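If you're wondering where the values come from, they're calculated on a predicted model, not measured in any experiment.
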Amino acid sequence: MAATAFDEYERSRWAGRATAYQGSFAALCAYPAGALLDASEVEVGDRLLDVGTGTGTVAALACARGAGVVAVDAEPSMLELARRRVPAAEVQHAELPRLPFAEDSFDAAVVNFVINHVGDPMAAIRELRRVVRPGGRVAVTIWPYPAPPAQQLWTTIFDAAGAERPTDLPRVAPDRDFPRTSDGLSNLLRQAGLADVGCDTITWNHRTDPESWWNGPANGIGSFGLVMQRQTADTIDRVRVQYELHTAAYRDADGRLALPTAALLASASVS
């Protein structure tokens, strides 16, 4: 279970970007945290593994629910923020698809928007199954395809500004990828050996400050951030103009954005 070129690319994209993520897209990713823990059926005293903890959002909520939390991430800057935010959790470096834990070490494992960022999704889910005891739960969230309006908005903005798209990006190999749909995610969990699989679509309006939504890509966060970094200064100026035009329809009376978005949340039992 070696890291793929896509894994290495993803790690390089996130290197040193925890603060930028915290100030931009972290709040977007935080919304399903409660539902994710509900789906994992975590109870007081349970031992929970939070893989790809980021800045520690899910870990903090799990600790507040009385779980014993081990939170891991591949990015050192994320771990630094998570340790400060969640002192009650055991925070350490670890990377999918190989976790430094024995079989049956946890009562549950959760991964919040992590499977989107791994080069071998099946191997990642199988590794989660390995470290969770029989009868325990695994719960995951991903962004769906087609992308919800909040994410499609950036595509519209870049197209309107005439931004050139990178053509040299590593991608998940076709034989390791899966459809980013409810059925596709459910089948991935089943094929990884999990049982009692269920998948729901969660929808919400993400409310955020316009500058925070701009600052994610402007600071290199995610695939949109890479697009932004590949543009000339003149093109970025055009992107900003189109950003103001296309976000106007989503601005509330208080000037904040209300962006419709969605996520897929799948959960299953370890047999």
Counting only heavy atoms not in Gln92, do more than 12 sit closer than 6.0 Å to its CD atom?
yes

Do any side-chain atoms of residues 63-81 form donor-acceptor pairs under 3.5 angstrom with protein atoms, and if so which ones, sequence neighbours left out?
unit_1	atom_1	unit_2	atom_2	d
Arg65	NH1	Asp38	OD1	2.8
Arg65	NH2	Gly34	O	3.4
Arg65	NH2	Asp38	OD1	3.2
Asp73	OD1	Glu75	N	2.9
Asp73	OD2	Thr53	N	3.3
Asp73	OD2	Gly54	N	2.8
Glu75	OE2	Gly16	N	2.9
Glu75	OE2	Ser77	N	3.0
Glu75	OE2	Ser77	OG	2.6
Ser77	OG	Ala18	N	3.4
Glu80	OE2	Arg84	NH1	3.2

Non-neighbouring partners of Arg13 that pass side chain to side chain donor-acceptor pair (under 3.5 Å), sequence neighbours left out
Gln229

Could you name each residue pair satisfying ring pair (Phe, Tyr, Trp, His ring centres under 6.0 Å) that touches residues 185-205, not counting sequence neighbours?
Tyr31-Trp204

Would you say the rings of Tyr21 and Trp14 are close, in the sense that their centroids are separated by under 6.0 Å?
yes

Is Glu211 salt-bridged to Arg240, going by a charged N under 4.0 Å from an acidic O?
yes

Filter on salt bridge (Lys or Arg N to Asp or Glu O under 4.0 Å), then keep only pairs touching residues 101-117, sequence neighbours left out; what's left?
Asp107-Arg133

Report the residues that fulfil side-chain contact (heavy atoms from CB on, under 4.5 Å) with Asp168, sequence neighbours left out, ordered by chain and then residue number.
Pro166, Arg230

Listed partners of Thr167 passing side-chain contact (heavy atoms from CB on, under 4.5 Å), at least two apart
none

For residues 185-194, dump all side-chain donor-acceptor pairs below 3.5 Å to protein atoms at least two apart in sequence or in another chain.
unit_1	atom_1	unit_2	atom_2	d
Ser186	OG	Ser182	O	2.8
Asn187	OD1	Arg190	NH1	3.1
Asn187	ND2	Asp183	O	3.1

Check: Ser212/Asn215 side-chain N/O donor and acceptor closer than 3.5 Å
no

For residues 247-260, pull every pair meeting salt bridge (Lys or Arg N to Asp or Glu O under 4.0 Å), keeping only residues two or more places apart or in separate chains.
Arg207-Asp252, Arg207-Asp254, Glu244-Arg251

Under the side chain to side chain donor-acceptor pair (under 3.5 Å) rule, collect the residues that match up with Arg180, sequence neighbours excluded.
Asp177

Going by salt bridge (Lys or Arg N to Asp or Glu O under 4.0 Å), name the residues that satisfy it together with Glu8, two or more places apart in sequence or in a different chain.
Arg11

When the side chains of residues 257-268 are checked against the rest of the protein, which donor-acceptor pairs come out under 3.5 Å, sequence neighbours left out?
unit_1	atom_1	unit_2	atom_2	d
Thr261	OG1	Gln151	OE1	3.2
Ser267	OG	Arg137	NH2	3.0

Side chain to side chain donor-acceptor pair (under 3.5 Å) partners of Arg83, counting only residues at least two apart:
none

